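Keep in mind it's a predicted model, so treat the numbers as computed, not measured.
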Amino acid sequence: MQSLKALVGLRSKSRCSFQRPRFLSHHYQRPFSAQPNYAPQNDDLEDQVLVQGRAKSRASILNRPSALNALTTSMVARLKRLYESWEENSNIGFVLMKGSGRAFCSGADVVTLYQLINDGNVEECKKFFETLYKFVYLQRTYLKPHVAILDGITMGGGAGISLPGMFRVVTEKTVFANPETQMGFHPDAGASYYLSRLPGYLGEYLALTGDKLNGVEMIACGLATHYSLNARLAWVEERVGKLITDEPSVIETALAQYGDLVYPDRGSVLHKIDTVDRCFCHDTVEEIIDALEKEAVESYDEWCKTALKKLREASPLSLKITLQSIREGRFQTLDQCLAREYRISLNGVTKRVSNDFCEGVRARLVDKDFAPKWDPPSLADVSKDMVDCCFSRLDEFEPELQLPTALREPHM
């Protein structure tokens, strides 16, 4: 596996020449989140995704700040329509995406999905995942340069709709995470693709524990391309907004103009990559936990104890599903990853094997007692048949995720 040691020094320079990481090139104690407010709010579709016109570009702005810009079906459908129309417009050279308020995007509006499931409206949940995954694929195969400004919380599906793009700008306020196992779910929206391509076994660590990365760490491991202080973002947007171009190199130069040289601090998990690899390289979750326990005894490292605590708090079924999903993702194209994630997601929302998704949302975001009752309750109770069932189609009549791979060619 590729070592991260060199990356901490080499990729930490945000003024890098434009070269997308291999896994993203085209031819790609805080609770679970900052507790968004899911109270009823203005649901006007155009208000939830705003559009700004520039000289040779367009900007889409996620605009549900009180819900940390959590994604709904209508929001993603609007984004998809906008992006398709912009791609066909020869007067538009590139596209930018950002969020309103203190988040870029906290991911899916899981409370709405929870309510839909409890109301028996599973078909709407299926529609959400289908729409979201199709937009992720569109982003991955987009023909025009794309700039995502990830200022603030960037979690789950929020990462999925932005990381496939050409440029990813982060700041000192960026918080990246895939906390789905704590919610009884699995990292989706392409997460099994981009996490599995991180150096060493960092992807497994992030997926299983839900641990966070800051903007500097995202630069170092290749998830982001440019770092800018939050105070300079207005200058960055003004500079980029005046560009009349569709050339990636010109956009890269403009972004780098206000970039900063950054290096992960001593406490970063990136400086523990050898330990991460030793513990998370194993084939099963049980072996990973055993390795962490051994490491904790031998090293007295608090990091090991924290990682163990996160694993023990997560859904046992989700942990096993997630590990298998990340491992399969290493050898698959994005469309194959999305198709697999779609099957897992549908099995989750239909409660085919377990009610863990609804239980996780209830415990963390609805009742907020932070005491989920997972079913099965332990790793020992999760059988191989249960995991395999989550990777299979609901039934022979359930359609698979249909992506336009013939028109928009996928790449490794």
Undergrad: If the condition is side chain to side chain donor-acceptor pair (under 3.5 Å), which residues does Asp246 pass it with, not counting sequence neighbours?
TA: none
Undergrad: Which is it for Tyr137 and Thr405 under the side-chain hydrogen bond (donor to acceptor under 3.5 Å, both in side chains) test, yes or no, and what are the steps along the way?
TA: CA-CA 9 Å; Tyr137 188 74; Thr405 54; 5.4 Å; no
Undergrad: Under 3.5 Å, side chain of Thr154 to main-chain N/O of Phe176, donor-acceptor pair present?
TA: no
Undergrad: Can any side-chain N or O of Lys80 pair as donor or acceptor with the backbone N or O of Lys134 at less than 3.5 Å?
TA: no
Undergrad: Answer whether the closest heavy-atom distance between the side chains of Arg58 and Lys144 falls below 4.5 Å.
TA: no
Undergrad: Side chains of Thr174 and Val169: closer than 4.5 Å at any heavy-atom pair?
TA: no
Undergrad: Ring-plane angle category for Tyr342 and Tyr133, please: parallel below 30°, perpendicular beyond 60°, tilted otherwise.
TA: perpendicular
Undergrad: Decide whether Glu341 and Ser192 meet the rule of one side-chain donor and one side-chain acceptor closer than 3.5 Å.
TA: yes
Undergrad: Angle class for the Phe357/Phe185 ring planes (parallel below 30°, perpendicular above 60°, tilted otherwise)?
TA: tilted
Undergrad: Looking at side-chain heavy atoms only, is the closest gap between Phe129 and Leu401 below 4.5 Å?
TA: no
Undergrad: Checking side-chain hydrogen bond (donor to acceptor under 3.5 Å, both in side chains) against Thr275, which of Arg278, His271, Lys272 comes through?
TA: Arg278
Undergrad: Check whether any side-chain heavy atom of Phe94 lies under 4.5 Å from a side-chain heavy atom of Met166, and answer yes or no.
TA: no
Undergrad: Measure from the side-chain N and O atoms of Thr225 to the backbone N and O of Arg168, and report whether any donor-acceptor pair falls under 3.5 Å.
TA: yes
Undergrad: Under a plain distance cut-off of 3.5 Å, with no hydrogens placed, do Ser392 and Arg352 share a side-chain donor-acceptor pair?
TA: yes
Undergrad: In terms of relative ring orientation, are Tyr205 and Phe280 parallel, tilted or perpendicular, with 30° and 60° separating the classes?
TA: perpendicular
Undergrad: Do Leu198 and Leu195 have side-chain heavy atoms sitting under 4.5 Å apart?
TA: yes
Undergrad: Side-chain contact test, heavy atoms from C-beta onward, threshold under 4.5 Å: evaluate it for Thr171 versus Phe104 and give yes or no.
TA: no
Undergrad: Do the non-hydrogen side-chain atoms of Leu206 and Asn178 ever get within less than 4.5 Å of each other?
TA: no
Undergrad: Rounded to the nearest 0.5 Å, what's the gap from CE on Met75 to OG1 on Thr131? Could you check?
TA: 13.0 Å
Undergrad: In a table with atom names and distances, give each donor-acceptor pair under 3.5 Å that connects a side chain of residues 371-381 to protein atoms at least two apart or in another chain.
TA:
| unit_1 | atom_1 | unit_2 | atom_2 | d |
| --- | --- | --- | --- | --- |
| Trp374 | NE1 | Glu313 | O | 3.1 |
| Trp374 | NE1 | Ala314 | O | 3.4 |
| Ser378 | OG | Asp381 | N | 3.4 |
| Ser378 | OG | Asp381 | OD2 | 2.7 |

Undergrad: So, Glu237 side chain and Ala234 main chain: donor-acceptor pair closer than 3.5 Å or not?
TA: no
Undergrad: Salt bridge check: are Arg312 and Glu293 linked by an N-O gap of less than 4.0 Å?
TA: yes
